[in-house]
Amino acid sequence: MTLRIGNASGFYGDRFDAMREMLTGGELDVLTGDYLAELTMLILGRDRLKDPAAGYARTFLRQLEDCLGLAHERGVRIVTNAGGLNPAGLADAVRGLADRLGIPVRVAHVAGDDLTAAHPRSLAAHAYLGGFGIAECLRAGADVVVTGRVTDAALVTGPAAAHFGWTPRDHDRLAGAVVAGHVLECGAQATGGNYSFFLDGDVRRPGFPLAELHEDGSCVITKHPGTGGFVDVGTVTAQLLYETAGARYAGPDVTARLDTVRLTRDGPDRVRIEGVRGEAPPPTLKVGLNRLGGFRNEVVFVLTGLDIEAKAALVRDQMEPALRKVADVRWETARTDRPDAGTEETASALLRLVVRDPDQESVGRVLSGAAVELALAGYPGFHVLAPPGKGSPYGVFEDVYVPQSGVDHVAVLHDGDRVPVPPPHDTLVLDGVPEPALPEPLPPGPVTRAPLGLVAGARSGDKGGNANVGVWARTDDAWRWLAHELTADRFRELIPESRELTVVRHALPNLRALNFVVEGILGAGVAAQHRFDPQAKALGEWLRSRHLDIPEALL
């Protein structure tokens, strides 16, 4: 008995027509859509300030207007977290849409994640719920299930538990579904999108992934025939490492052991995932807190031609009086210029000024006035990419933990009945695992100075203020070298930003992979825009571009 679950969205703003593509491209039992991220919750929170009836992903409604009839005709159930901060409101809107279109669908939603009242300084405070509320809604006959803040993998564990009759104590099966859900959650990232070795296939328009789940928790990751991109062990490995850390991947339903995952090719565009072991979940739930941190502004000065460093120093000196009272001031020079350049753009460097302060005026007119006044009084060739504005609010993300029993997880069925979802009976405090045995190192031999990316892939992302960088080898011999060469200390050498930070390395030999967690590199999270790449999306590709002494046998 196989359950085919597809995904049509990896974030709020993903490809609009993916829902139709997934419904018409092949067989499906369930179609999921992931619309939420830490930054999205802040955006929806600001929407709700303006309109208490808002707070959900409106894109989903527009997609459903085009596709609800298709899903009904094909018997495909839809499960989505597009409810954001207002799942009840979105469920009502879906019912209204269905009535207007004359489509008889049953709509349910999941409640209980909103803990904002208990955190009054937050714009939004939401617990990450598991999949059993979704399962209750589906077992009661819902065709569409809307949730708020559940874990991304819960969009798969819920339908799987409902379909196969799993209970909260089926840890291994649930762990398999969590791994499948984690692979699906970011859409085309599992089918060649954002993939280090993108030249291996045609990724101009990757299809969206689906999982063929089995009752024992194993699955096959694939995509609809004829869609773009590709699925192989590498694309699945990359997504497994995305925004994870060590061997224990904890969630509200189960803790999945990533060190037990086994991947094998199962045919063209098919990768089998099996062997996943699960443990009881932690006794606490993660709660994401989003609040407004103050106001930020930025201006990018263009420095062209000769004396780049002297021009940058002049700007800094001229701007200094206006910045004396600003709480946080950051300057960064990007030397994109070349000597004897053939175009003005390639003869120019960029000097970026970013300011933050609780007071909007301090980073608004004071900054913009000081920058604009330099137009005829600054360095030769003075201009900016865009004039600074009045300053915009920025957000701060942090997480706290509450007991699972302290959250009222409720399935609100299509007929209005409210079914409490009890917390798990068995829990296990999260702990690390012993360092796994590493393979024998490669024998000594000639080396060549070359980029790490010639022998290893990487994918990176954000979790609050931390970044993770997953690095994997494509061959056993490359793994033998990587496992011993890329230590946490070597990582710090290659990524200078991390030298004063805590870097934790986790080894996952089954995946021929290392996962690095860089603590604090993103400051207060993506909404604070602490660094040039605020979500660390390209941190892994920067690492791959750094040069090491690589054995010639691997090149």
Side-chain angles (χ1 to χ4, degrees), residues 11-12 34-61 80-94 108-134 137 145-152 154-155 250-252 282-295 358 392-412 418-423 462-465 522-529:
F11 67 99
Y12 190 10
D34 179 11
Y35 291 78
L36 301 185
E38 293 166 3
L39 180 60
T40 313
M41 298 298 280
L42 179 71
I43 293 169
L44 294 176
R46 292 178 62 186
D47 288 348
R48 191 170 60 173
L49 283 179
K50 301 172 187 174
D51 179 4
Y56 56 77
R58 297 185 182 275
T59 307
F60 172 75
L61 265 184
T80 180
N81 61 16
L85 278 60
N86 188 6
L90 179 55
D92 283 342
V94 173
H109 74 276
V110 175
D113 61 299
D114 191 348
L115 303 182
T116 307
H119 300 274
R121 291 185 61 246
S122 296
L123 186 61
H126 291 258
Y128 288 71
L129 302 180
F132 280 94
I134 296 170
C137 294
V145 181
V146 172
T147 78
R149 179 73 278 187
V150 296
T151 63
D152 301 337
L155 301 177
T284 56
L285 291 178
K286 177 180 174 180
V287 179
L289 306 181
N290 286 277
R291 60 181 174 84
L292 295 178
F295 297 86
S392 58
Y394 71 88
V396 171
F397 176 86
E398 59 183 315
D399 51 55
V400 298
Y401 291 82
V402 299
Q404 290 232 29
S405 58
V407 174
D408 296 324
H409 188 176
V410 177
V412 184
R418 300 175 65 88
V419 179
V421 180
D462 64 304
K463 279 296 181 187
L522 303 180
V526 55
Q529 298 187 43

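Residue numbers count from 1 along this sequence.
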What are the two closest non-hydrogen atoms of [X] and [Y], and how far apart are they?
X	Y	value
Pro422	Pro420	CD-O, 3.6 Å
Ala53	Asn86	O-ND2, 3.2 Å
Leu285	Pro252	CD2-CB, 3.4 Å
Cys137	Val145	CB-CG2, 3.8 Å
Gly133	Ala411	O-CB, 3.5 Å
Leu292	Pro393	CD2-CB, 4.4 Å

Donor-acceptor contact present, side-chain [X] to main-chain [Y], <3.5 Å:
X	Y	answer
Asp462	Gly464	no
Asp34	Leu36	yes
Thr80	Ala82	yes
Thr151	Gly251	no
Glu38	Lys463	no
Asn81	Arg149	no

Legend entry - CZ on Arg58 to CG on Leu44, rounded to 0.5 Å: 9.5 Å
Inset, instruction - Hey, could you give me the CZ/OG1 distance between Phe11 and Thr59, rounded to the nearest 0.5 Å? - result: 10.0 Å
Please examine the side chains of [Y] and [X], heavy atoms only from C-beta on, and report whether any two atoms are closer than 4.5 Å.
X	Y	answer
Ile134	Leu155	yes
Arg46	Leu123	yes
Ser122	Asn290	no
Leu39	Ile43	yes
Tyr56	Leu61	yes
Val400	Leu289	yes
Leu85	His126	yes

Legend entry - Within 45° cone of Tyr401 ring axis and under 6.0 Å: Lys286 NZ or CZ: no
Legend entry - side-chain contact (heavy atoms from CB on, under 4.5 Å) evaluation trace for Val402 with Val407: CA-CA 8 Å; Val402 299; Val407 174; 3.8 Å; yes
Legend entry - Ionic contact status for Glu398 with Arg291, cut-off 4.0 Å: yes
Inset, instruction - Decide side-chain contact (heavy atoms from CB on, under 4.5 Å) for Leu129 and Thr147; before the verdict, give the C-alpha distance in whole Å, the side-chain angles of both, and the deciding distance to 0.1 Å. - result: CA-CA 9 Å; Leu129 302 180; Thr147 78; over 6 Å; no
Inset, instruction - Apply ring pair (Phe, Tyr, Trp, His ring centres under 6.0 Å) to Tyr35 and list each qualifying residue two or more places apart in sequence or on a separate chain. - result: Phe60
